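See structure below.
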Number of protein chains: 2
Amino acid sequence: MSKQAGLLPAIDLTADTPCCPPLAQSRVPAQTAAVLAPAFKALGDPVRLQLMSMIASAKGGEACVCDLTPAFDLTGPTISHHLKTLREAGLVDAERRGTWVYYRARPAILRQLAGLLSVEPAAVA
Amino acid sequence: MSKQAGLLPAIDLTADTPCCPPLAQSRVPAQTAAVLAPAFKALGDPVRLQLMSMIASAKGGEACVCDLTPAFDLTGPTISHHLKTLREAGLVDAERRGTWVYYRARPAILRQLAGLLSVEPAAVA
DNA sequence: CGTCTGTCTTGACGTTCGTCGAATCAGAGA
DNA sequence: TCTCTGATTCGACGAACGTCAAGACAGACG
């Protein structure tokens with residue numbers, strides 16, 4: 001077994017979860033909270049939020065680490081650590097192609113999180 | 001000045017921020033990330049995610065701490081601490097009425113976060 | 001006033017996080 | 001093969017987090 005094969009997401013959000021009624025509509029069950037909270041937590045760092053955005057909005061739907069790293073005043077290992085956090089939260093996928101590693105967003109979980117947060121436009125008035 | 005008047009949110013998300021184009025559409029600026037990341041971070045704990053949901057989905061739009069606390073296997077101070085975190089992230093408002101304190105969700109920021117996460121239904125196909 | 005109940009603050013504890021430098025791995029090319 | 005470059009892992013550090021017990025504050029009711 002390759003020692004550096006940790007490029008797969010640790011949890012699979014696309015399967016089990018029943019795609020979340022809005023948080024403001026019915027109480028989130030403890031189990032759902034336990035699954036989704038780590039995703040919010042991963043987004044809870046300014047660097048990771050920007051990384052996520054750069055990946056999700058990248059041309060072709062994917063971004064190379066080599067383009068991501070120089071966008072911050074941080075070392076390579078630190079960016080790699082943040083990308084690993086996003087990966088383990090199930091927010092992105094990574095794929096190595098030759099010398100470079102490309103990251104790609106997982107729209108399904110993004111939609112889940114957005115749906116959980118959604119509020120009726122004229123909720124309280 | 002009352003020593004226990006820390007019931008107001010620490011930041012005002014409803015004013016400055018220009019209501020966020022989707023994260024997957026254009027790169028989130030560092031400044032926006034710095035403002036919004038703490039909100040995601042606040043949602044990044046299972047207990048707080050449930051608290052937020054219980055408050056936002058409560059009948060009348062508000063929930064009493066006395067109803068929130070017994071829903072968890074945690075002490076009062078711990079729940080109070082989590083509520084303070086939600087307050088400081090601008091996600092909820094608190095109001096004391098007589099003996100009890102009521103919490104109320106702030107739909108505006110919820111909408112902002114949901115909008116940031118929104119993805120076109122058939123984004124990548 | 002005194003007391004009781006509900007909530008928040010303080011102080012402490014162990015754990016996790018964000019960051020770095022150094023070392024390692026993976027692939028490309030000479 | 002050896003070397004070079006890109007990316008990750010490892011080990012360490014200080015800072016922040018989640019939790020609790022103990023104490024303080026606010027309001028209601030005698």
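Keep in mind that this is a model prediction, so the values were computed, not measured. Just so it is clear: chains get the letters A, B, ... in the order the sequence lines come, proteins before strands, and each one is counted from 1.
The side chain of B:K41 lies closest to D:dA16, out of D:dA16, D:dT8, C:dT7. Nearest nucleotide to the side chain of B:W100, out of D:dA7, C:dT19, C:dT7: C:dT7. Of the candidates C:dA26, C:dC20, D:dA22, the closest approach to any side-chain atom of A:R96 belongs to C:dA26.
Under 4.0 angstrom from either OP1 or OP2 of D:dC20 there lies at least one side-chain N or O belonging to B:T75. Of the side-chain N and O atoms in A:Y103, one or more sit less than 4.0 angstrom from OP1 or OP2 of D:dT8.
Annotation: of the two residues near DNA chain D, A:T69 and B:V47, the 5′-most nearest-nucleotide partner is A:T69. Both A:G98 and A:D73 sit near DNA chain C, but only A:D73 has its closest nucleotide nearer the 5' end.
Counting any heavy atom pair closer than 4.0 Å across all strands shown, A:T78 reaches a base atom. At a threshold of 4.0 angstrom between heavy atoms, the contacts of A:L74 are confined to the sugar-phosphate backbone, with no base atom among them. Among the heavy atoms of the strands lying under 4.0 Å from A:T99 are primed sugar atoms or P, OP1, OP2 only; no base atom is included. B:H81 comes within contact range of at least one nucleobase, with a heavy-atom separation under 4.0 Å. Counting any heavy atom pair closer than 4.0 Å across all strands shown, B:G76 reaches no nucleic acid atom. Residue-level contact check: A:R48 touches the backbone only, with heavy atoms under 4.0 Å from sugar-phosphate atoms and none from bases.
B:Y103 and B:R87 form a side-chain donor-acceptor contact under 3.5 Å, judged by distance and modelled atom types alone.
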